[in-house]
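A, B, ... follow the sequence lines: proteins, then strands. Residue 1 opens every chain.
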Number of protein chains: 2
Amino acid sequence: MRPTVHDIAAEAGVSLATVDRVLNKRPGVRAVTRDKVERAIETLGYVRDVTAANLAKGRTYPLVFIVPAGDNSFMRGLEVEVRAAIARSAAERTEITILSVPAFNPQALAEALEEAHRRQPAGVAVVAIDAPEVTAAVKRLRDDGIAVVTLVSDLPGSARDHFAGIDNIAAGRTAGNLIGRFLGSREGPVAVLAGSMLVRDHRDRLEGFQAVMRDHFGARALLPVIEGQDDAVLAEKLVAALLAAHPDLAGIYSLGAGNRGLVAALETTGKAGTICVVAHELTPYSRAALISGTIDVILNQDAGHEVRSAIRVLKAKADGLPVIAAQERIRIDIFLKDNLPNGQA
Amino acid sequence: MRPTVHDIAAEAGVSLATVDRVLNKRPGVRAVTRDKVERAIETLGYVRDVTAANLAKGRTYPLVFIVPAGDNSFMRGLEVEVRAAIARSAAERTEITILSVPAFNPQALAEALEEAHRRQPAGVAVVAIDAPEVTAAVKRLRDDGIAVVTLVSDLPGSARDHFAGIDNIAAGRTAGNLIGRFLGSREGPVAVLAGSMLVRDHRDRLEGFQAVMRDHFGARALLPVIEGQDDAVLAEKLVAALLAAHPDLAGIYSLGAGNRGLVAALETTGKAGTICVVAHELTPYSRAALISGTIDVILNQDAGHEVRSAIRVLKAKADGLPVIAAQERIRIDIFLKDNLPNGQA
DNA sequence: GAATTTTTGATGTACGTAAATCAAAAATGT
DNA sequence: ACATTTTTGATTTACGTACATCAAAAATTC
C-alpha cells in the first residue's frame, strides 16, 4: 500500500498539520522539523495523490482557445479537438472557452486576445499571426500573469510561454527531401503553393523547403511561390494558371491549406498522378486525393495532440510548474497511401 | 459549477441513496424512480467525477508486462517506458510487475505467462511469439477472467483482447513504396534483413513489403530473406556476405532489430550511402546512421505510446468497459534525416 | 385490510489531501 | 525568570463519490 500523509506524520514523529505545512510550503516550520519530514517522505517514498489533492483543492483552470474561422478543414478539425477537450473538462478540471476570429487578420486577432484578457483566464492558447499588435497583446496577457501558448503557428520573439506545434522548418525540409528523391532524375521545375506569408508556419515551411532544394537538389528549378490564402477557389485558379504556364512541371509542394483547390485543378486538367505532389494536413479531401494518387505524400500535424499538449502546458504554467519539453514535442506525421490510418480525419 | 450527486438528488426529488443505487446499478429501485433519476442526470448533464470515485473505491489494477530480454535496443526502450509507467502508477492506480524472458523462445514465454497467471493480476501485456503453447497460455489467462493485450507483436487467432502495436503489413508496404520510389530507375536487386519468422510482426512486414514490390515495382529483383535473429554479430556477418555476393545491390529493407550489425557491415565495406536502406525502430544507433546517411528512412513505433495504450486498454477490459479503437491506434512514424526529433531515443 | 415484500430515505464512514482554527509547547529575547 | 514570539499539535470541515446500515414509507400479495 502506498504511504499517505498519516504515514509520514507517524514516521517523522510529527503531527499531520506539520506534514501539511511542509508539503504545501506553508510557513511556521523549523528547519530541523522540515528535515525530519522530508526524510520521512524520502524513506517511505511518498508521492502526493494528485487526484485527491485536486479534489480537496477544488481547483479549476479557466482557459481560452482562439481559433481562426472559415472553411479551412484543418482549423475546423482543430476546433473539433478543442470541443472534445471541453467534453473532458470535468475530468481535467478545465473550463474552456473558444473564441473564433477571421483568418489572416492581425487586428481582429489582437482584439480577440484583449477579449480573452478581460475574462481573466488561467491561460490562453492562440493560433498566432506574426504581427506587432499580436505580440503586444500577448505581452499584456503575460504581464498580467496569464499563461500563453501559441498553437499550430508560432510567434517567436514574443512573450509566449510555449509553442504547441510542429517544427515547420523541419516539415519543409522533409517535403523537399521527399520531392527531390521521388523525382530523381526526372526533368522539370517544382512549384510551391502557400496560404499566406503572414503566418509563421507557412514562412518556416517555405524556408526549410527552399534550403533543402538549394543544398541537395540544386539542379532543379524552383518557381516563385504562389499565395492561395488557404482559399479553395483562389487556389484552383492559381494552380490552373500555373499548369498552363509550365507544361513540364514535375512537382508541387502545397504547404498551406488550399488542397481542395489544388486537387480540383490537377484533376480537371488531367495532370493528376503525373506530377509529384506533397501536401500538408490530413483532411477528408486530402485523404481521398492521397488514395487516388493525385497527392503522393501528406505531412500532417495531429490537432488532437496539439490541443492536449497546449492544455497540459497551460495548466503547468498556471501552477508555475516546469514543462518537460521532450514530452510536449509534436511530431510530423508522414502519410503515404500505404500507412494511412483507416479511421476518421 | 458542474453538478454533483447532490444536485441530481435535488433535481429528481429523491434521496442521495437512491441516486447512488441508480448510478452504481444497485438493486432495489423502481423503474419509475430510476427514470426520474436518469432524466435528472440528463438535464443537468451530470458526469461522474472519476477521480473522486476511484478515490472512494480505492481500486487498483495489478498488471504484468512480459518483455523479451537481450540487448535489442527497441526492447530495452520499451522496458524503460514500462518503468516510466511504474513511476506514474500512483496517479494511475496501477501496480505493474515486469517479467523478462529470453527472446524468440516460445516455451519460456509460455512459462512466463503461467508465472503471470499465478500472480492473479487484472491484466497482462505481452510481446507475443506466434506459437501454439503461447496461444494456449493466453487462453488460460482469459478463461480465468484476466485481460490480455499483445504488445508490439501480435498473436492473431488467440483469445487476446487487443493488440497494442502498429499495422505491420502497412509498415512493410510503406517501406516497399519508399524504397521503390527512392530507387526510381536505378538498376539492381533489393534485399530483406529480418530478425526471425517466428514473430508475427516480422512476418507481416515482409508480407506487406513483398506485396508492394510485386504489384508496383515488379521489375525489381527481390533476394531471399536473411534472418539475423536480431543479433548484431550475426547480422553483420550475413550482410557482409550479401554485399560480397551482390555488388550491384540497390536497396535493403531491414525489418527487424539487427541494425547495429547492418550499419557496421555497410560502413566497413565502404558501401554506406550508396545503397538505399529502410530500417525499423529509432534507437541511438539507427539515429546516428540516419544522420550520417547510411540509413535513408527509419520506420518507428513509439514504445511509449504502445505501453500507455496497453495500460489504458487493460484497465478498461478489467472493468468490462469498451475500448475506443480509433483512439488506441498506434501510428507508424516515418523519419528522414530532416524530421528527426532532436531529443532522446 | 392486514401481512408481507419492495422501495426509498436518512445517516454515517471512508478514500487522501487541503485548509483553517485554537490551544499547547517550545524557543527566543531581555 | 519573565514576557514574547515562533513552532507544533489536535481537531474539524470539505472535496465528490462509494458503500453499508437501519428505519420508514410505499407498493404488493392474499
Do B/Glu114 and B/Arg118 sit within salt-bridge range, that is, some charged N less than 4.0 Å from a carboxylate O?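 No salt bridge links B/Glu114 with B/Arg118.
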Do NZ/NE/NH1/NH2 and the carboxylate oxygens of A/Arg76 and A/Glu79 come within less than 4.0 Å?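 Here A/Arg76 pairs with A/Glu79 in a salt bridge, since their nearest N and O are under 4.0 Å apart.
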Between [atom2] of [N] and [atom1] of [X], the distance in whole Å:
X	N	atom1	atom2	value
A/Tyr46	C/dG16	OH	C1'	7 Å
B/Leu23	D/dC19	CG	P	11 Å
A/Lys36	C/dA26	NZ	C1'	12 Å
B/Arg2	D/dC15	CZ	C1'	11 Å
A/His6	D/dA10	NE2	P	12 Å
B/Lys25	D/dA18	NZ	P	11 Å
B/Asn54	D/dT17	CG	C1'	10 Å
A/Arg59	C/dA19	CZ	C1'	16 Å

In terms of the nearest nucleotide of DNA chain C, which residue is placed more toward the 5' end: B/Arg34 or B/Gly58?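 Whichever sits nearer the 5' end wins; that is B/Arg34.
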What closest approach, in Å, do [X] and [Y] show between heavy atoms, and which atom pair accounts for it?
X	Y	value
B/Val22	B/Arg34	CG2-CA, 4.2 Å
B/Ala116	B/Val64	CB-CG1, 3.8 Å
B/Glu11	B/Ala40	CG-CB, 3.5 Å
A/Ala310	A/Val149	CB-CG1, 4.1 Å

Select base, sugar-phosphate, or nothing to describe what B/Gly28 touches, counting heavy atoms under 4.0 Å on all strands.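 Base contact - B/Gly28 has a heavy atom under 4.0 Å of at least one base atom.
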Counting only side-chain N and O atoms of B/Arg30, is one of them less than 4.0 Å from OP1 or OP2 of C/dT6?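 No, B/Arg30 has no side-chain N/O under 4.0 Å of OP1/OP2 on C/dT6.
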Under-4.0 Å side-chain N/O to phosphate OP1/OP2 contact, A/Arg48 with C/dA18: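 True: A/Arg48 side-chain N/O within range (under 4.0 Å) of C/dA18 OP1/OP2.
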Contact residues, residues 11-22 of chain B to DNA chain C [heavy atom, < 4.0 Å]: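 Under 4.0 Å from DNA chain C: B/Gly13, B/Val14, B/Ser15, B/Ala17, B/Thr18, B/Arg21.
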Nearest-neighbour nucleotide for the A/Thr4 side chain, D/dA18, C/dT17, D/dG16 considered: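 Closest nucleotide among those given: C/dT17.
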Any idea which of C/dA19, C/dG16, D/dT17 is nearest the A/Arg26 side chain?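 Among the listed nucleotides, the one closest to the side chain of A/Arg26 is C/dA19.
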Could you check whether any side-chain N or O of B/Arg142 sits under 3.5 Å from a backbone N or O of B/Ala159, counting only pairs where one atom can act as donor and the other as acceptor?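 Yes, because the side chain of B/Arg142 sits within donor-acceptor range (under 3.5 Å) of the backbone of B/Ala159.
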Want to settle it: does A/Val32 or B/Ala53 sit nearer the 5' end of DNA chain D, counting the closest nucleotide to each?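 Nearer the 5' end of the strand: A/Val32.
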